[in-house]
Amino acid sequence: MFENLLKYQDQMWQSIGETFVMVGISAGAAVLLGLPLGTILYFCRKGQLYENKTLSLVLNSIVNVVRSFPFLLLVVALIPFTRFLVGTAIGTMAATVPLSIVAIAYYSRLVEQSLLEVPKGTIEAALSMGASKAGLIFKFLYVEARSGLVLGLTASTISFISFSTVMGVVGGGGVGDFAIRYGYQRFETEVMVYAILVMILLVQIIQFAGSTLARLLDKR
């Protein structure tokens, strides 16, 4: 058993690195683009400060389509766009494109939900003090919703890890691809179990870190 694990340890470490690259880039895209998108979704809702039915309908439709699209089919459908963006449709960097698009849509919805939990009195108080649009968002909304935003990002990141396991379809690699190629396809069950345990450990670490940070940030 241990001989097989030692035999593939280099490939395993490489797979872990590929998973970190895919999940890290997609999580970064979620924060950089999903956070502002979720904020726009929140403000454009009916009854909100900057209500805009047309923009809300368009953005909600896009987010809903991406989130409801079967991920494996989305990966295949985005191959031309991926090739245009990164110059290739194969490899770890190519795999980050569909992952990032899903990450943006997924996290934006969680951001919207977190902001909806902020009491309307907070917004009214901010406006009465003459807060600018940027001040309203960064000094009031995000501060009040920070615990929920962290929990949302934690849940999203764990989902990205799950999505990354199928990226072997486009040569993305990762721990999931390692488990299939070196464990399942070669009938070496212990290797596959080892890869699964690594994934479970990674998820547990992220969940613990996210929950702990959210608890520290929650001042309610």
Side-chain angles (χ1 to χ4, degrees), residues 5 8-39 63 66-67 69-72 74-75 91-115 117 142-170 172-184 191-220:
L5 298 182
Y8 297 125
Q9 64 175 336
D10 290 340
Q11 292 90 334
M12 184 60 186
W13 281 111
Q14 180 181 347
S15 299
I16 292 174
E18 291 167 346
T19 296
F20 272 109
V21 169
M22 290 187 287
V23 174
I25 291 178
S26 59
V31 174
L32 293 176
L33 298 176
L35 180 60
L37 176 57
T39 306
V63 169
V66 173
R67 292 186 68 207
F69 213 103
F71 182 64
L72 194 55
L74 180 66
V75 172
T92 303
M93 290 306 298
T96 64
V97 175
L99 269 174
S100 295
I101 291 175
V102 169
I104 293 166
Y106 193 91
Y107 187 54
S108 66
R109 188 63 75 193
L110 295 179
V111 169
E112 180 190 19
Q113 293 172 0
S114 295
L115 296 181
E117 295 177 0
Y142 286 170
V143 171
E144 288 294 319
R146 56 191 174 183
S147 178
L149 293 175
V150 169
L151 288 175
L153 183 60
T154 301
S156 299
T157 303
I158 291 172
S159 296
F160 307 156
I161 294 175
S162 177
F163 290 144
S164 74
T165 60
V166 302
M167 295 315 297
V169 174
V170 291
V175 178
D177 183 54
F178 171 86
I180 296 297
R181 288 192 292 118
Y182 295 99
Y184 177 74
V191 175
M192 185 170 64
V193 171
Y194 174 57
I196 292 172
L197 291 176
V198 169
M199 295 290 285
I200 292 174
L201 178 62
L202 182 59
V203 168
Q204 293 299 320
I205 292 173
I206 292 174
Q207 184 64 64
F208 175 77
S211 298
T212 301
L213 180 59
R215 186 171 62 253
L216 292 174
L217 292 174
D218 190 357
K219 301 301 182 181
R220 290 174 295 180

Exercise. Yes or no on side-chain contact (heavy atoms from CB on, under 4.5 Å) for Phe163 and Val23, after CA distance, side-chain angles and deciding distance?
Worked result: CA-CA 9 Å; Phe163 290 144; Val23 174; over 6 Å; no

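Taking CG of Leu151 as the reference point, atom CG of Leu217 lies at 9.5 Å (rounded to 0.5 Å). With rounding to the nearest 0.5 Å, the separation of CG in Leu32 from OG in Ser100 is 10.0 Å. One finds the CE atom of Met22 at 6.5 Å from the CG atom of Leu99 (value rounded to the nearest 0.5 Å). Note that the CZ atom of Phe71 and the CD1 atom of Ile101 stand 9.5 Å from one another [nearest 0.5 Å]. A distance of 7.0 Å separates OG of Ser114 from OH of Tyr107, quoted to the nearest 0.5 Å. Atom CG in Leu115 sits 6.0 Å away from atom CG in Leu149 (nearest 0.5 Å).
Residues Ile206 and Thr154 have side chains in contact (heavy-atom distance under 4.5 Å, counting atoms from C-beta outward). In this structure, the side chains of Phe178 and Val198 stay at 4.5 Å or more apart for every pair of heavy atoms. Considering only heavy atoms from C-beta on, Ser156 comes within 4.5 Å of Phe160 through its side chain. A heavy-atom distance below 4.5 Å is not found between the side chains of Tyr106 and Val66. For the pair Ile104/Val63, no side-chain contact is recorded, criterion being any heavy-atom separation below 4.5 Å from C-beta on.
Between the side chain of Thr19 and the main chain of Val175, a donor-acceptor pair closer than 3.5 Å is present. In this structure a side-chain-to-backbone donor-acceptor pair under 3.5 Å is present from Ser147 to Ala214. The backbone N or O of Ile161 lies less than 3.5 Å from no partner atom in the side chain of Thr165, so there is not a single donor-acceptor pair.
A donor-acceptor contact closer than 3.5 angstrom is absent between the side chains of Glu117 and Gln113. Side-chain contact, Gln207 with Ser211: a donor N or O sits under 3.5 Å from an acceptor N or O.
Listed here is the closest heavy atom pair of Ala94 and Pro98: O-CD, 3.3 Å. For the residue pair Ala103 and Ser26, the shortest heavy atom distance occurs at CB-O, 3.3 Å.
Crowding of Tyr142 atom OH: a count of heavy atoms from other residues, nucleotides or ligands under 6.0 Å exceeding 12.
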